[in-house]
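See structure below.
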Amino acid sequence: MAHYRIFRTLAVAAAIAPMAFLAAPATAADSVAKIGVFVPLTGENAENGQQIRKAVELYVNEYNQQKHAHKIELLVRDDRGEPKTATNIAREFAQDKDLIAAVGSFTSTAAMAAAPIFDKAGIPQISPTSSHPDFTGLAKYAFRGTPTQSIEADRIADYVADKLGGKTAAIVYRQDDWGNSAAKVFQKSFEAKGGTIVAAEAVAPDTRDLRTLVTVLKEKNPDSVYVALHYASAAVLAQRMKAAGWNPKVITSTALYTHQLVELAGNDAVENWHVPAFFFAESKEPVVQNFVAAYKKAYDQTPNAFGAVGYDSIAMIGTALDDVPGSGTEGRKALGDKLFEVQVRGTTGQMKFDANGDIDKTITWLEIKGGKFVQAP
């Protein structure tokens, strides 16, 4: 089956030095499928963007060692997770007649800013991590590798109310499209379960002093805190909560399954935090073990969920490409149509886009214990 093919030569991919990925030797394929990748390689989300880039390059190196209709070539750009930069990159990609698809961005805001430009050019776009509900509605061929916040935040609210017995909650969320949607869905779902939201506090992306916010929330005394932030801000929040001697149940979004959170915050500050994930590096699933082993061998680093979903997202394109006769502008429509049909048994679960370009996956609940992520009982 086509979708199992992507895992057969992970050992070969892992044996090649990381710097060799973009210069992989040509295969028998005469056609080149050029794919643009735009993620934050610098800035506050650099670690997550780098994980996606590395995973995409790992897949492409493996793919180019096999016999396929096309050889994949990558064009990688740093958008810093910023919508303005993402828009400029999208315009660059749209003007490239050899480019057949785009992967990016990491943030919903950046992915959404680029989507109309790709739509006009007919370029299929897969954002591995854009979970804002509106993203896939912005273009005919806009796809996502992760469930929407309508699904994720709703299930998190269920977990807080049903599993943890939460009755009152505060929300701390990133002030952008993603954070706003996460907070809105969580509040609606938690209240529908009979819970009470005592506060909802937005955190600007560049905010680094959260002492006042923690003081205000501590006074309201919720039994649970839902955190929809990226790792840099979440680490600061954790340190401020520890300094204030405040220890409610903390439940995060899937964005915080990353070792950067623990490294920046310190083990004690995030001890017992509850973290949902669509990928768990310690899983015994063979497809996960193979990917983790290859990634570690290539980069001397454990992949996080963003690397995993980046790998699965580019795998969807690679699988679809074998049934696309043309490349560049000639192949865009055929690729876009094919992406609605293909399936990949990925490291983050079954990859299959619905008619809207959306996807669903199963959450694995983790807890942070002694600086490590472990499966929750």
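Numbers here simply count residues along the sequence, with the first being 1.
- Within the structure, every pair that satisfies the side chain to side chain donor-acceptor pair (under 3.5 Å) test and touches residues 185-199, not counting sequence neighbours, is listed here: Asp154-Ser189, Asp162-Lys193, Gln187-Glu191.
- The salt bridge (Lys or Arg N to Asp or Glu O under 4.0 Å) analysis of residues 125-151, with sequence neighbours excluded, yields the pairs Arg144-Asp358.
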Return all side-chain donor-acceptor pairs below 3.5 angstrom for residues 275-284, not counting sequence neighbours, or 'none' if the list is empty.
residue : atom : partner : partner atom : Å
Ser283  : OG   : Glu285  : N            : 3.1

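- The salt bridge (charged side-chain N to carboxylate O under 4.0 Å, His left out) test applied to Lys333 returns Asp337, not counting sequence neighbours.
- Under a 3.5 Å cut-off, the side chain of Ser127 and the backbone N or O of Ser105 do form a donor-acceptor pair.
- Residues passing the salt bridge (charged side-chain N to carboxylate O under 4.0 Å, His left out) test with Asp176, sequence neighbours excluded: Arg174.
- Legend: residues meeting side-chain hydrogen bond (donor to acceptor under 3.5 Å, both in side chains) with Lys218, ordered by chain and number and at least two apart, are absent.
- A distance-only check finds a donor-acceptor pair linking the side chain of Tyr299 to the backbone of Lys54 [under 3.5 Å].
- Using cut-offs of 30° and 60° for the angle between ring planes, the Trp178 and His230 rings count as parallel.
- In summary, the side chains of Thr42 and Asp78 do present a donor paired with an acceptor at a separation below 3.5 Å, with no hydrogens or angles considered.
- Here Gln50 pairs with Leu41, Arg53 under the side chain to side chain contact (heavy atoms under 4.5 Å, CB included) rule; sequence neighbours left out.
- By the side-chain hydrogen bond (donor to acceptor under 3.5 Å, both in side chains) test, Ser108 is found to be paired with Ser130, residues two or more places apart in sequence or in another chain being considered.
- Ion pair Glu367/Lys369 flagged as a salt bridge, since at least one NZ, NE, NH1 or NH2 atom sits closer than 4.0 Å to an Asp/Glu carboxylate oxygen.
- Residues forming a salt bridge (charged side-chain N to carboxylate O under 4.0 Å, His left out) with Lys338 (at least two apart in sequence, or on another chain): Asp323, Glu341.
- Not a single donor-acceptor pair under 3.5 Å links the side chain of Gln260 to the backbone N or O of Glu47.
- Relative ring orientation between Tyr63 and Tyr59 is described as tilted, the plane-to-plane angle lying within the 30° to 60° band.
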Leu138 and Asp119: CA distance, side-chain angles, deciding distance, side chain to side chain contact (heavy atoms under 4.5 Å, CB included) verdict: CA-CA 8 Å; Leu138 297 175; Asp119 187 46; over 6 Å; no
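- Heavy-atom neighbours of Lys249 NZ from other residues, nucleotides or ligands within 6.0 Å: above the threshold of 12.
- Side-chain heavy-atom separations under 4.5 angstrom define the hydrophobic clusters, and Val309 shares its cluster with no other residue.
- Under the 30°/60° scheme for interplanar angles, the aromatic rings of Phe373 and His259 are found to stand perpendicular.
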Derivation of the side chain to side chain contact (heavy atoms under 4.5 Å, CB included) call for Phe38 and Asn88: CA-CA 11 Å; Phe38 64 114; Asn88 292 334; over 6 Å; no
Pair Leu321-Ile100, side chain to side chain contact (heavy atoms under 4.5 Å, CB included): steps then yes or no: CA-CA 10 Å; Leu321 275 172; Ile100 193 171; 4.1 Å; yes
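- Between Tyr226 and Tyr173, the ring centre distance reaches or exceeds 6.0 Å.
- The salt bridge (charged side-chain N to carboxylate O under 4.0 Å, His left out) test applied to Arg77 returns Glu92, not counting sequence neighbours.
- Evaluation of the ring pair (Phe, Tyr, Trp, His ring centres under 6.0 Å) test over residues 81-103, restricted to residues two or more places apart or in two chains, returns none.
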